[in-house]
Amino acid sequence: MMQKDSRIFVAGHRGMVGSAIERCLRKDGYTNIVTRTHSELDLTDQAAVREFFASEGIEYVFLGAARVGGIGANSARPADFMWENMMIEMNVIHSAWKSGVKKLLFLGSSCIYPKHAPQPMPESCLLTSALEPTNEAYALAKISGLKYCEYLNRQYGTDYISVMPTNLYGPGDNYHPENSHVAPAFIRRFHEAKQQGLEEVTCWGNGSPLREFLYVDDLAELCVKLMNEYSGCETVNAGSGKELSIRELAETVAEVVGYKGRIKWDTTKPNGTPRKLLDVSKAAGLGWRYSTELKDGLRKAYEDFLTR
């Protein structure tokens with residue numbers, strides 16, 4: 001287990017996941033947390049990452065740094081998403097191993113699972129059929145990261161674990177109009193529509209895909225718990241175990257934001273994977289369950305958005 005003064009590196013601490021993990025660690029009394037901004041340490045720079053691990057005496061790593069985005073961004077720049085994520089993962093994991101890090105937790109995404117995976121999706125369905133084309137590049141990068149952790153465990157006896165969260169939202173999210181995921185994109189879109197007095201908001205697809213959402217601070221609590229209590233090559237799914245349609249999500253966000261206009265659906269745009277519900281029985285068996293209901297979490301996320 002991590003000690004309260006263990007030297008812990010949170011990679012990507014300015015992102016939504018990394019900042020939530022840092023908050024959770026500090027709340028739990030961990031006092032020796034190491035962070036670096038991108039300007040201080042470019043994780044795609046192999047030599048810089050190697051030097052960082054060689055000199056900093058890191059004992060534990062939470063690898064939450066990543067290039068992320070929604071359907072539009074993933075479809076438009078698949079090469080960028082694949083290259084940057086592969087470089088970050090391989091540099092950090094490899095240097096952690098070379099420097100003797102005690103334990104590493106790698107954060108992936110539920111998009112690693114096949115497009116037509118059984119629902120809810122168990123950890124064992126990984127690589128059993130084709131991926132969703134709209135985020136294939138990102139998924140392949142994440143699969144490579146978790147597999148590298150698995151192979152290091154098997155070949156060299158490391159204790160590297162991976163967590164696959166469902167769709168995340170909460171403080172620190174990316175609300176960019178083109179590069180964000182669906183929940184923060186809706187928050188921005190409906191907020192701006194309310195501010196501008198628009199009578200109608202257009203959303204991609206037909207609203208039918210089913211999605212699961214998890215408040216990021218709930219994920220952070222699971223990550224700290226797993227770092228202290230879980231070892232194994234198989235990943236652990238992190239989700240709420242509940243799903244709703246994108247149409248229902250849009251209506252919920254509109255209610256939270258206070259937008260009263262109409263919602264129109266552009267069916268010429270892609271829906272993405274029809275359904276993505278994680279089987280979270282493994283995490284439940286380890287004693288974890290989410291605690292933040294969607295509407296409450298969206299209110300907190302909207303409050304965060306308003307501070308930006």
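Count residues from 1 along the sequence.
Side-chain contact between Tyr113 and Leu278 is present, with heavy atoms from C-beta onward closer than 4.5 Å. No side-chain heavy atom of Thr202 sits under 4.5 Å from any side-chain heavy atom of Trp265. Looking at heavy atoms from C-beta onward, Trp288 lies out of side-chain contact with Leu226 at the 4.5 angstrom threshold. Inter-residue side-chain proximity for Leu126 and Met164 is flagged as unmet; no heavy-atom pair is nearer than 4.5 Å. Contact annotation: the side chain of Leu210 never approaches that of Pro274 to less than 4.5 Å [non-hydrogen atoms, C-beta and beyond]. Counting heavy atoms from C-beta on, the side chains of Asp296 and Leu298 never come closer than 4.5 Å. Residues Thr166 and Lys276 form no side-chain contact, since every pair of their non-hydrogen atoms from C-beta on lies 4.5 Å or further apart. A heavy-atom distance below 4.5 Å is found between the side chains of Val10 and Ile33.
Within the 3.5 Å criterion, the main-chain N or O of Asn32 finds no donor-acceptor partner in the side chain of Lys4. The backbone N or O of Asn206 sits less than 3.5 Å from a side-chain atom of Arg247, completing a donor-acceptor pair. In this structure, Glu293 contributes its side chain and Lys295 its backbone to no donor-acceptor pair below 3.5 Å. Although no hydrogens or angles enter the test, the distance criterion places no donor-acceptor pair under 3.5 Å between the side chain of Glu243 and the main chain of Arg275. Looking at Asn153, its side chain does come within 3.5 Å of a backbone N or O of Tyr160 through a donor-acceptor pair. The main-chain N or O of Phe81 is never found under 3.5 Å from a side-chain atom of Glu84 such that the two would form a donor-acceptor pair. Of the possible donor and acceptor atoms, one in the side chain of Thr158 sits under 3.5 Å from a partner among the backbone N and O of Leu152.
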Check against salt bridge (charged side-chain N to carboxylate O under 4.0 Å, His left out), Lys225 and Glu221: CA-CA 6 Å; Lys225 178 181 179 65; Glu221 291 180 1; over 6 Å; no
side-chain hydrogen bond (donor to acceptor under 3.5 Å, both in side chains) between Tyr175 and Asp304, intermediate numbers included: CA-CA 10 Å; Tyr175 300 95; Asp304 173 68; 3.2 Å; yes
Chi angles and distances behind the salt bridge (charged side-chain N to carboxylate O under 4.0 Å, His left out) call for Arg36, Glu56: CA-CA 12 Å; Arg36 292 290 186 275; Glu56 289 296 327; 3.1 Å; yes
Check against side-chain hydrogen bond (donor to acceptor under 3.5 Å, both in side chains), Lys103 and Tyr230: CA-CA 11 Å; Lys103 193 166 186 175; Tyr230 174 74; over 6 Å; no
Pair Glu200-Arg262, salt bridge (charged side-chain N to carboxylate O under 4.0 Å, His left out): steps then yes or no: CA-CA 5 Å; Glu200 183 177 270; Arg262 296 185 302 274; 3.6 Å; yes
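When only modelled atom types and interatomic distance are considered, Asp5 and Thr31 share no side-chain donor-acceptor pair under 3.5 Å. In summary, the side chains of His191 and Tyr259 do not present any donor paired with an acceptor at a separation below 3.5 Å, with no hydrogens or angles considered. A donor and an acceptor atom, one from each side chain of Thr292 and Asp218, are located under 3.5 Å apart. With no hydrogens or angles considered, a side-chain donor-acceptor pair links Thr37 and Glu40 at under 3.5 Å. With hydrogens and angles left out, the side-chain atoms of Gln3 and Ser6 include no donor and acceptor closer than 3.5 Å. Of the N and O atoms on the side chains of Asp279 and Asn237, not one donor lies less than 3.5 Å from an acceptor on the other residue. Looking only at atom types and distance, the side chain of Asn167 has no donor-acceptor partner in the side chain of Arg211 under 3.5 Å away.
Of the residues listed (Val34, Ile21, Leu25), the one engaging Ile8 in a side chain to side chain contact (heavy atoms under 4.5 Å, CB included) is Leu25, and it is the only one.
Listed here is the closest heavy atom pair of Arg50 and Ser95: CA-OG, 3.5 Å. Summarising the geometry of Asn85 relative to Tyr138, their closest heavy-atom pair is ND2-CD1, 3.5 Å, with the distance given to 0.1 Å. Shortest non-hydrogen contact noted between Ala48 and Leu41 is O-CD1, 3.7 Å. Of all heavy-atom pairs between Gly170 and Ala301, the closest is CA-CB, 4.0 Å.
In summary, Glu123 and Lys282 do not engage in a salt bridge, as defined by a charged side-chain N under 4.0 Å from a carboxylate O. Salt bridge absent: Asp80 and Arg67 never bring a charged side-chain N and a carboxylate O closer than 4.0 Å. Using a cutoff of 4.0 Å between basic side-chain nitrogens and carboxylate oxygens, Lys102 and Glu59 are scored as salt-bridged. Using a cutoff of 4.0 Å between basic side-chain nitrogens and carboxylate oxygens, Lys27 and Glu22 are not scored as salt-bridged.
Two rings, from Phe9 and Tyr60, have their centers 6.0 Å or more apart.
Applying the 4.5 Å side-chain rule to ILVMFWY residues, one finds that Leu198 remains a lone member of its cluster.
Distance check: Ile161 CD1 to Glu150 CD gives 13.5 Å after rounding to the nearest 0.5 Å. Between the CG atom in Leu214 and the OG atom in Ser240 there is a gap of 6.5 Å [rounded to 0.5 Å]. To the nearest 0.5 Å, the span separating CG on Leu168 from CZ on Phe213 amounts to 10.0 Å. Between the CG atom of Asn91 and the CE atom of Met86 there is a distance of 10.5 Å, given to the nearest 0.5 Å. Considering CG of Leu146 and SG of Cys233, their distance stands at 10.5 Å, rounded to 0.5 Å. We find the CD1-CD distance between Ile187 and Glu192 to be 12.0 Å, quoted to the nearest 0.5 Å.
A continuous path of ILVMFWY side-chain contacts below 4.5 Å connects Val49 to Ile93, so both sit in one hydrophobic cluster. Residues Leu140 and Trp83 do not share a hydrophobic cluster, defined by chaining ILVMFWY side chains whose heavy atoms lie under 4.5 Å apart.
Crowding of Gln46 atom CD: a count of heavy atoms from other residues, nucleotides or ligands under 6.0 Å not exceeding 12. Residue Arg14 places its CZ atom among 12 or fewer non-hydrogen atoms of other residues, nucleotides or ligands, all under 6.0 Å distant.
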